[in-house]
Amino acid sequence: MAGHSSGTNRGSHSMDKSITLPPDEIFRNLENAKRFAIDIGGSLTKLAYYSTVQHKVAKVRSFDHSVKEADGDPLYEISVQEEITARLHFIKFENAYIETCLDFIKDHLVNTETKVIKATGGGAYKFKDLIEKKLKLKVDKEDEMSCLIKGCNFVLRNIPHEAFVYAKHADSEFRFQTTHPDIFPYLLVNIGSGVSIVKVESEDQFERIGGSSIGGGTFWGLGALLTKTKRFDELLQLASKGQHTSVDMLVKDIYGGAYGSLGLTGDLIASSFGKSATADKEFSKEDMAKSLLHMISNDIGQLACLYARLHNLNRVYFGGFFIRGHPVTMHTITYSINFFTKGEVQALFLRHEGYLGAIGAFLKGAEEDNPNQYSWGENYAGSSGLMSVSPDLNPMQRARSGTFDMLEMDRLERQLVNLPLLQDPSSYIPDTMDLTEDALAREYWLYCFEEALDGVVKRAIASQPDMPEAAERAEKFRQKYRHKLQTLRNQPFAYGSLTVRSLLDTREHCLNEFNFPDPYSKIKQKENDVALRYYLKVVKSLEELSWEQRQFALVRGLLAGNVFDWGAKAISDVLESDPEFGFEEAKRQLQERPWLVDAYNQWIERLKGPPHTCALFFVDNSGIDIILGVFPFVRELLGRGTQVVLASNSGPALNDVTNGELQILTERIAAMDPVIHSAFKEDRLTLVQSGSSSPCLDLSRLDKVLATVVRERQTDLVIIEGMGRAIHTNYYAMLSCESLKLAVIKNSWLAERLGGKIFSVVFKYEVPPKH
Amino acid sequence: MDIGGTLVKLVYFEPKDITAEEEQEEVENLRSIRRYLTSHTAYGAAGIRDVHLELCDLSMCGRTGSLHFIRFPTHDLPAFLQMGRDKHFSSLHTTLCATGGGAYKFEEDFRLMADLQLHKLDELECLIHGVLYIDSVVPSECYYYENPADPEHCEQRPFPLENPYPLLLVNIGSGVSILAVYSKDNYKRVTGTSLGGGTFLGLCCLLTGCNMFEEALEMASRGDGTRVDKLVRDIYGGDYERFGLPGWAVASSFGNMMCKEKRESISKEDLARATLVTITNNIGSITRMCAVNENIQRVVFVGNFLRVNTLSMKLLAYALDYWSKGQLKALFLRHEGYFGAVGALLELLNPS
């Protein structure tokens with residue numbers, strides 16, 4: 001109950017503290033900000049606002065080839081346009097900074113139409129006048145619990161890896177959970193000064209089913225009385241150093257050992273503070289704090305379990321200031337839940353728990369924009385990530401390192417949903433390797449991305465030859481991304497599970513942040529142009545082959561095409577030094593059969609059977625890959641009577657072909673090739689966008705249109721191509737229809753890990769078990 | 001006897017129908033123990049005979065006599081053993097039936113210090129047998145509070161526990177055990193909590209410097225817990241209607257103590273009261289959840305935490321009634337903490 005209504009003993013809100021970060025790096029994009037919300041808790045203030053970001057996007061546009069078709073002219077025109085996208089900003093800072101922050105906002109808030117600021121949290125009353133005076137906005141108070149729930153629903157729905165299980169002694173303290181496609185029903189146990197237990201059944205339906213007065217305020221208040229220690233953080237620090245067994249009466253203190261017939265072990269606490277019922281003994285502050293912490297955590301855990309059982313719920317999230325990133329309390333609550341449910345229920349915590357109230361208050365104010373109809377994504381470039389919670393850090397340091405914490409969420413152009421063909425959406429995990437848990441792999445990949453950074457910076461500058469300040473921006477990008485990599489080295493859990501995908505996505509976010517929307521646009525353009533010239537020749541030579549030979553040549557073509565990946569250092573080095581490296585050279589590099597993973601024979605047997613109804617093909621690179629590898633393969637499928645849906649990225653990532661580019665390429669190929677022409681015209685060949693701008697693929701966050709098309713066309717074959725989409729992600733993804741995952745491993749370390757060498761081939765053909 | 005974490009509970013059956021002949025034959029040692037126990041109401045520094053609980057004209061095992069109820073702190077057990085040794089208790093060749101954790105913990109001490117062999121019995125079984133037995137022989141053993149919400153008209157009323165099953169039995173000693181009882185021999189421990197009588201006294205000792213249960217209770221009776229606790233109305237100015245929480249409900253136990261000025265403005269009595277209310281309400285809340293989960297409407301509270309503790313009993317009666325909207329009834333038994341010891345005695349008389 002009333003999670004934020006405490007903390008009046010934090011003393012006066014002195015203004016002598018200075019903000020350590022430049023304020024414009026904290027309150028970003030204030031110029032266009034509107035719709036403010038604020039959540040003022042006992043010690044921290046959370047500010048939320050909506051803003052728009054103007055940034056550059058790369059667009060391609062086809063020339064009118066009927067008019068002008070001179071050799072040497074580029075295939076299509078690349079233009080960089082300004083686009084405006086919506087972004088949500090959330091900033092968390094100590095209450096002591098409120099006035100400074102309000103002043104800063106007032107000075108930078110220009111021509112906003114905002115009249116009202118939504119407010120929640122116990123401190124909203126206290127600072128009402130100050131806010132109204134400084135910002136000239138009317139404070140509109142919102143119910144705390146409704147805000148909390150709204151915020152909770154929002155992060156659970158939009159941030160993969162939001163929830164985690166805490167395991168103190170495991171290799172990785174945080175074990176992130178994949179978000180269940182249906183987030184309801186769940187139990188939210190909010191441990192503020194008291195405890196509220198809320199059952200949430202849908203977006204608008206929730207009920208406080210219980211609570212307890214023994215909560216964070218009891219720990220703090222009673223702890224302050226017992227130990228004469230004023231600050232909550234210091235009390236926790238004391239507790240982490242204490243021994244509760246000198247204060248608590250254990251089962252073994254009564255029984256001499258375990259109470260075997262009831263299965264109660266000797267170390268179990270029989271009576272909290274049972275040993276302090278004496279006047280002639282002194283107890284240390286640490287021991288009393290520890291005993292108090294156990295008492296309260298166990299009590300809350302027990303009640304939470306009783307309510308979870310009564311309402312038959314097994315997803316229980318814990319939040320409130322008692323929990324907020326404190327390893328000590330997360331550990332004791334986890335312990336308690338395990339004890340009382342014998343492991344049946346797991347205590348879940350949230351990465352953005354501290355922001356829930358502010359997010360909810362913001363959403364209440366933004367209802368007319370209907371933010372829930374969009375999908376949102378965490379912007380890794382603008383978000384601080386989860387702070388280190390190492391118990392060794394002293395509380396003062398901890399407090400300082402977390403002085404300003406930020407979360408930025410981008411509104412995604414498209415609404416994202418599950419691929420309908422996932423066998424079990426609730427257990428689907430996109431990433432093959434979890435670098436949070438695999439320290440060796442983590443080391444390798446962090447090193448890899450650091451190594452590649454110079455190349456990326458060079459490429460970024462080269463992509464904008466007409467812009468003299470590009471070098472300066474590229475340098476800023478380098479610093480930002482390097483800093484992210486350093487953060488991730490120390491706190492691999494900062495943005496959820498660390499994966500190759502998240503490292504790649506973070507790089508894309510940082511590039512966008514500094515207005516390098518598509519560093520590979522020119523390379524893609526050139527390579528597409530070159531490849532197109534060979535298309536007919538490739539098709540013709542394939543037609544001369546026997547059926548069996550042709551099938552093999554098509555697969556080899558796909559694989560050879562997939563060699564052209566600027567994301568792989570081994571390849572980009574070759575491509576930069578040898579401009580003549582082409583399709584035939586790539587084929588020669590390929591591993592001979594049997595491949596590292598080789599299901600080719602099964603695939604051929606399948607092809608001898610009836611044709612597939614519809615194939616969904618997640619494509620990878622531009623140039624040779626898409627034009628000389630994918631299109632001939634697609635052509636063959638079409639010839640068999642199979643419809644084909646080509647899914648490509650909505651936005652640029654490395655040299656991956658984008659939906660915009662693919663549109664032009666398809667038209668160009670259709671103009672040369674009657675098979676493609678008629679299929680495209682008759683809609684047997686369709687292009688859709690994936691909704692993603694990542695070199696990897698998360699099948700649980702795909703464009704809604706794609707999902708509809710897949711369903712309508714009764715898709716019975718999914719083809720996933722490339723390292724990013726078929727190896728780093730989805731290697732183990734189970735689909736409810738046939739699938740083909742193919743890639744060339746262009747990284748020796750990864751190849752070795754999989755038991756092969758560089759240029760090993762993975763050709764995985766899977767058929768789901770029949771029911 | 002029942003040797004708990006804090007108290008040892010001893011019940012002693014004194015046959016009153018001793019014939020002259022028997023008197024003659026009675027061993028001197030036995031006579032001396034009987035006289036010592038029955039002629040005193042206090043033993044040593046902290047041993048007490050609860051005279052008001054004594055059951056007279058009780059027939060047990062074909063004899064008529066009185067059942068005496070004696071308690072002393074567990075830490076005085078060595079003195080007790082010394083006395084047993086001095087009075088040559090072991091020469092009587094009687095079995096001493098003992099339950100509670102101490103029966104295990106001190107078994108060796110009984111043997112070494114007093115040459116006594118303990119017959120150890122399970123405490124929950126003894127507890128249930130003791131409750132059922134006493135309730136069957138004492139007419140007004142079980143009672144409840146009528147009008148728990150109204151201090152003016154809140155009164156004890158006898159409750160005939162004729163068909164007692166199913167029953168939720170809540171034993172509040174140093175810690176708390178909650179049992180669901182379906183018949184004399186069919187029961188299960190539903191759960192327990194470490195926040196019990198030991199916690200109340202332990203915290204009171206640390207917070208107020210007292211060291212006796214009675215003293216702590218007495219302070220609590222004079223204090224005002226609402227100065228220590230943060231109430232719903234302290235946060236919302238009144239009821240929190242959105243969630244149906246009344247303004248008087250405690251939102252955060254000891255919540256006001258987060259604030260330095262308030263820490264300096266409260267008395268020891270206020271702290272004792274808040275501690276008592278916190279522990280009692282928590283037991284009430286866990287009990288209520290167990291009753292709902294186990295689908296049991298009748299709840300019997302026992303244990304020495306409730307001894308001379310009308311405050312807690314009324315609080316439990318009210319809390320159960322209020323939060324269950326009248327569905328649950330809190331029942332209490334006069335021999336609060338002695339049922340384990342009684343159960344152990346029964347085992348001696350009717351070994352199963």
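Convention: sequence-line order gives letters A, B, ...; per-chain numbering from 1.
Looking only at side-chain heavy atoms (C-beta outward), A:Lys230 and B:Arg263 come within less than 4.5 Å of each other. Here the side chains of A:Ile214 and B:Leu195 are in contact, with some heavy-atom distance below 4.5 Å. Residues A:Ile254 and B:Tyr104 form no side-chain contact, since every pair of their non-hydrogen atoms from C-beta on lies 4.5 Å or further apart. For the pair A:Leu306 and B:Cys290, the minimum side-chain heavy-atom distance is below 4.5 Å. Side-chain contact between A:Gln302 and B:Ile286 is present, with at least one heavy-atom pair separated by less than 4.5 Å. Looking at heavy atoms from C-beta onward, A:Trp220 lies in side-chain contact with B:Met258 at the 4.5 angstrom threshold.
Contacts of A:Met295 with chain B are made by both backbone and side-chain atoms, with heavy-atom separations under 4.5 Å. Neither the backbone nor the side chain of A:Ser291 comes within less than 4.5 Å of any heavy atom of chain B. Interface residue B:Glu123: backbone and side-chain heavy atoms are both found under 4.5 Å from chain A. When heavy atoms are compared at a cutoff of 4.5 Å, B:Leu271 approaches chain A solely by way of its side chain, counted from C-beta outward. Looking at A:Asp143, the atoms closer than 4.5 Å to chain B (heavy atoms on both sides) all sit in the side chain, from C-beta outward. With a threshold of 4.5 angstrom between heavy atoms, A:Tyr125 does not approach chain B through any atom at all.
Listed options B:Ile3, B:Thr74, B:Leu124 were ranked by heavy-atom pairs under 4.5 angstrom with chain A; first place goes to B:Leu124. Annotation: maximal heavy-atom pairing with chain B below 4.5 Å, among A:Phe283, A:Tyr307, A:Phe340, occurs at A:Tyr307. With respect to chain A, the highest number of heavy-atom pairs below 4.5 Å among B:Arg189, B:Met212, B:Lys188, B:Glu107 belongs to B:Arg189. Of the listed residues (B:Ser253, B:Cys204, B:Gly100, B:Cys205), the one with the most heavy-atom contacts under 4.5 Å to chain A is B:Ser253. No other option in B:Thr278, B:Asn211, B:Asn282 has as many heavy-atom pairs under 4.5 Å with chain A as B:Asn282. Contact count versus chain A (heavy atoms, under 4.5 Å) is highest, among B:Asn281, B:Thr191, B:Thr6, for B:Thr191. Highest contact tally toward chain A, considering only B:Gly202, B:Cys210, B:Gly175, B:Ser194, is held by B:Ser194 [criterion: heavy-atom pairs under 4.5 Å].
B:Lys230 places no side-chain N or O within 3.5 Å of a backbone atom of A:Ser193 that could act as its donor or acceptor partner.
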- request: Please test B:Asp229 against A:Thr218 for side chain to side chain contact (heavy atoms under 4.5 Å, CB included), starting from the C-alpha separation and ending with a verdict.
  value: CA-CA 9 Å; B:Asp229 295 337; A:Thr218 314; over 6 Å; no
task: May I have the step-by-step check of side chain to side chain contact (heavy atoms under 4.5 Å, CB included) for B:Leu207 and A:Leu222, ending in yes or no?
output: CA-CA 9 Å; B:Leu207 293 171; A:Leu222 197 45; 3.8 Å; yes
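Close approach to chain B, defined as a heavy atom under 4.5 Å from one of its heavy atoms, is seen in A:Tyr259, A:Ser261, A:Leu262, A:Leu264, A:Ile269, A:Ala270, A:Ser271, A:Ser272, A:Phe273, A:Gly274 of residues 258-275 of chain A, taken by number.
Within the model, atoms CG of A:Leu292 and CG of B:Leu206 stand 10.5 Å from one another, a figure rounded to the nearest 0.5 Å.
Minimum heavy-atom separation, B:Met289 to A:Leu303: CG-CD2, 4.3 Å.
Shown here is A:Asn312, whose CG atom has no more than 12 heavy atoms of other residues, nucleotides or ligands within 6.0 Å. With a 6.0 Å radius and a threshold of 12 heavy atoms from other residues, nucleotides or ligands, A:Tyr335 has its OH atom at or below the threshold. Around atom CD of A:Glu201, more than 12 heavy atoms belonging to other residues, nucleotides or ligands sit under 6.0 Å away. Enclosure of atom CD in B:Glu264 by more than 12 non-hydrogen atoms of other residues, nucleotides or ligands within 6.0 angstrom is indicated.
The ring pair (Phe, Tyr, Trp, His ring centres under 6.0 Å) check on B:Phe243 picks up B:Tyr240, with sequence neighbours excluded.
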